[in-house]
Amino acid sequence: MRIARRTFLTSSIGTAVAPAILRLARADTPPITLKLHHSFSAVSGVHDKFLLPWARKIETETGGRMRVDIFPSMQLGGAPAALFDQARDGSADIVWAAPTLMPGRFAKIETFELPFLPSRRALVSSKALTDFAAVNLQDEFQDFYTICFSCSDSAVIHAARPVRTTEDMKDFKLHVQTRLAAEAMRALGAHPVMMPSAQLPVAITEHVVDGCLDPWHLVPPLRLNDLLRSHTEFSDHSPSARTYVLAMNKASYDRLPRELKSVIDSNSGQVAATMAGAMWDQQAAAVANMVVERGDLIVTLLPEAVARWRKATEPVIDAWRKEIKEQKIDGAKLIAAANVLLAKYANEPQPQSSQASPPARQQDVAQPPPQSNPAPKPASNNPPASAGPSAGQPVRSAVRPATAAPAPVSSAPPSPAAPSAATPPGPPAPAAAANASTAPAASAAKPLAAPTSTINAPITATSPPPPASLVPPAPPPAPAAQPSVAVAPAPPPASPMPKPVPKTLDIPL
């Protein structure tokens, strides 16, 4: 009896201390390290706002038992087209790669690169593509553990002159990213040119190309906004997109302990796709706001105008269906499945960025036909605004609508004393007249946002001046700023009308 009792106590003590011993053993074990390889730079949004946060999330949720070392700019060697082979062969544990760089190898995923099929919102396309892949792409990516799929932000025509109609594309030399985009531009009468994106600035300077069909995220690193000052966007759907995959080596995944696999699983699929899609969209919005603040022209084609572009590119889709039919793939079925999933996520709310939001963008200004009745205007001796596009033209020669309500449009100049609600506190805010004195000659197709101190919504540069009773006198000091409005102090008495400096905003990318 005594021996049995001793045995029981010994067993109980061993059972109690086993978890502690296991924890100590784990603490002494070095973490499992995974190598993540990609071709984007270390300052790109892909690296800084998607891959890095995703990797840190993995490390946090595993309690430091697993770490992800990221190697940007192809630091492990090879070309971007070799990334999938590196993940398959194990020279990299995880890669962020574009299937389109290997034509013919991933035929089905090209469904989301067809002209005017992907959404203009990367979040919508990324979530739809991830669901699409779970059903239709298992055979194409059977060599990998796929973490997520994503589509880049909407392609935009960046050019030195405005592009509003398909006729503007005739003989236009345009850089494109994918072979299907090249076929689409060829169907529109343009001359597509495929080259590495890094060569694009030199190609524009030497007139090898007249413009490019590229997403917004390429504008800052290539300084395209210094070379091309007109940008054409498309409503609802994008004329082109590039797909990306976050793929993991199967052996690297299989040798992980079960609890670490579960962390990878819980941060795969729609979780990672949402992070990637939101990153593309937030980056695109920030860049578009930046070019608007510079005074560049953004033309947004309305759905009725885009319909002509879609009609002209339908032969590209027909040719693609015939091409993959030879591989015994039903292209029509894939397109139908993609459209169903895109409609499913069309109203997906955009996640809020953790960073400071970019400044509000000005409203779309639909130019009325000449015969339409103009809106009532206050009495003013100022000349009317310059004429806009031709009557009935389904084009908005401005920017996409902001979230705030539209402000009234008039032909009178802005008030020089109205401070901007978007001006940060600190140095005195410049008067609105600075934009009129320093901006280049503008037309109605290129309105500039005028500041206001009474509402938190943007208005155009042709807003009427406020009543005399609302304009503070010059000599007394300005009243204290309201909680959400920065009010500029009055100019010194010696100079009643000082010349203000132009307003500049630092847009975070």
- Item | SB check Lys35 Asp93 (cutoff 4.0 Å) | no
- Item | Side chain to side chain, Leu222 and Ser197, heavy atoms closer than 4.5 Å | yes
- Message: Is there a side-chain contact between Val176 and Met194 in this structure, where contact means two heavy atoms from C-beta onward sitting under 4.5 Å apart?
- Response: yes
- Task: Start with the C-alpha gap between Leu218 and His158, add the side-chain angles, then the distance that decides, and say whether side chain to side chain contact (heavy atoms under 4.5 Å, CB included) holds.
- Result: CA-CA 11 Å; Leu218 285 181; His158 309 279; over 6 Å; no
- Message: Check this for me: does any side-chain nitrogen of one of Asp265 and Arg258 sit under 4.0 Å from a carboxylate oxygen of the other?
- Response: no
- Message: Does Asp254 have more than 12 heavy atoms from other residues, nucleotides or ligands lying within 6.0 Å of its CG?
- Response: yes
- Query: With no hydrogens and no angle check, is any side-chain donor or acceptor of Asn249 less than 3.5 Å from a backbone partner on Arg88?
  - Reply: yes
- Min side-chain heavy-atom separation Ile317-Pro115 under 4.5 Å: yes
- Query: If only atom types and distance count, is the side chain of Thr60 paired as donor or acceptor with the main-chain N or O of Lys57 below 3.5 Å?
  - Reply: no
- Item | For Glu140, all residues meeting salt bridge (charged side-chain N to carboxylate O under 4.0 Å, His left out), sequence neighbours excluded | none
- Which of these, Arg321, Arg242, Arg105, Arg179, sits in a salt bridge (charged side-chain N to carboxylate O under 4.0 Å, His left out) with Glu110? Arg179
- Trp216 ring center within less than 6.0 Å of His231 ring center: yes
- Would you sort out whether Met195 and Val202 count as a side chain to side chain contact (heavy atoms under 4.5 Å, CB included), showing the intermediate values? CA-CA 11 Å; Met195 68 177 71; Val202 175; over 6 Å; no
Cut-off 3.5 Å, no hydrogens considered: what does the side-chain donor-acceptor table look like for residues 338-346, sequence neighbours left out?
| unit_1 | atom_1 | unit_2 | atom_2 | d |
| --- | --- | --- | --- | --- |
| Asn339 | ND2 | Ile335 | O | 3.3 |
| Lys344 | NZ | Asp131 | OD2 | 3.3 |
| Tyr345 | OH | Asp131 | OD2 | 2.5 |
| Tyr345 | OH | Gln270 | NE2 | 3.3 |

- Item | Main-chain N/O of Asp281 paired to Asp153 side chain as donor or acceptor, under 3.5 Å | no
- Message: Glu348 vs Arg121, test: salt bridge (charged side-chain N to carboxylate O under 4.0 Å, His left out). Steps then yes/no.
- Response: CA-CA 10 Å; Glu348 190 75 11; Arg121 294 177 60 204; over 6 Å; no
- Item | Rounded distance [0.5 Å steps], CG in Leu301 versus CD in Glu233 | 9.5 Å
- Could you verify whether a donor N or O on one side chain and an acceptor N or O on the other, from Lys108 and Asn136, lie under 3.5 Å apart? no
- Message: Closer than 3.5 angstrom, by distance alone: can the side chain of Ser238 be matched with the main-chain N or O of Ser119 as a donor-acceptor pair?
- Response: no
- Query: Do Glu61 and Ser266 pass the side chain to side chain contact (heavy atoms under 4.5 Å, CB included) test, and can you show the C-alpha distance, the side-chain angles, and the key distance before you say yes or no?
  - Reply: CA-CA 10 Å; Glu61 293 183 10; Ser266 63; 3.9 Å; yes
- Apply the test side chain to side chain donor-acceptor pair (under 3.5 Å) to residues Thr243 and Glu113: give CA-CA distance (whole Å), side-chain angles for both, the deciding distance (0.1 Å), then the verdict. CA-CA 7 Å; Thr243 56; Glu113 296 185 355; 2.9 Å; yes
- Take His175 and Asp214, measure what side chain to side chain donor-acceptor pair (under 3.5 Å) needs, and give me the verdict at the end. CA-CA 8 Å; His175 170 260; Asp214 285 303; 2.8 Å; yes
- Message: Can you confirm whether Leu246 sits close enough to Ile94 that some side-chain heavy atom of one is under 4.5 Å from a side-chain heavy atom of the other?
- Response: yes
- Message: Atom CZ of residue position Arg223 - does it have more than 12 heavy atoms of other residues, nucleotides or ligands inside 6.0 Å?
- Response: no
- Could you state the interatomic distance from OG (Ser240) to CG (Leu117), rounded to the nearest 0.5 Å? 11.5 Å
- Donor-acceptor side-chain pairing of Thr313 and Arg310 below 3.5 angstrom: no
- Query: Taking all non-hydrogen atoms of both residues, which atom of Leu188 and which atom of Lys170 are closest, and how far apart?
  - Reply: O-NZ, 3.9 Å
- Is it the case that more than 12 heavy atoms not belonging to Lys333 sit under 6.0 Å from its NZ atom? no
- Using only heavy-atom distances, determine whether the side chains of Ser126 and Trp280 contain a donor-acceptor pair under 3.5 Å. no
- Query: Taking the six-membered ring for Trp, are Phe106 and Phe141 ring centroids under 6.0 Å apart?
  - Reply: yes
- Supply the atom-to-atom distance Thr111 OG1 to Leu137 CG, rounded to the nearest 0.5 angstrom. 7.5 Å
- Item | ring pair (Phe, Tyr, Trp, His ring centres under 6.0 Å) contacts touching residues 287-333 (sequence neighbours left out) | Phe234-Trp309
- Gap separating the CG atom of Asp236 from the OG atom of Ser154, nearest 0.5 angstrom: 10.5 Å
- Starting from the C-alpha separation in whole Å, work towards a yes-or-no answer on side chain to side chain contact (heavy atoms under 4.5 Å, CB included) for Phe40 and Tyr244. CA-CA 12 Å; Phe40 287 78; Tyr244 290 90; 3.6 Å; yes
- Query: What distance separates Met279 CE from Thr274 OG1, expressed to the nearest 0.5 Å?
  - Reply: 12.0 Å
- So, His37 side chain and Leu83 main chain: donor-acceptor pair closer than 3.5 Å or not? no
- Query: Is the side chain of Ser125 donor-acceptor paired with the backbone N or O of Pro118 at a distance under 3.5 Å, no angle test?
  - Reply: no
- Message: Taking CZ in Arg308 as the centre, count heavy atoms belonging to other residues, nucleotides or ligands within less than 6.0 Å. Is the count above 12?
- Response: no
- Query: Atom CG of Asp48 and atom CD of Gln283: how far apart are they, to the nearest 0.5 Å?
  - Reply: 9.5 Å
- Side-chain (Trp54) to main-chain (Asn267) donor-acceptor, under 3.5 angstrom: yes
- Query: Do the ring centers of Phe149 and Phe112 come within less than 6.0 Å of each other?
  - Reply: no
- Please report the closest heavy-atom contact between Leu228 and Gly211, naming both atoms and the distance. CD1-CA, 4.2 Å
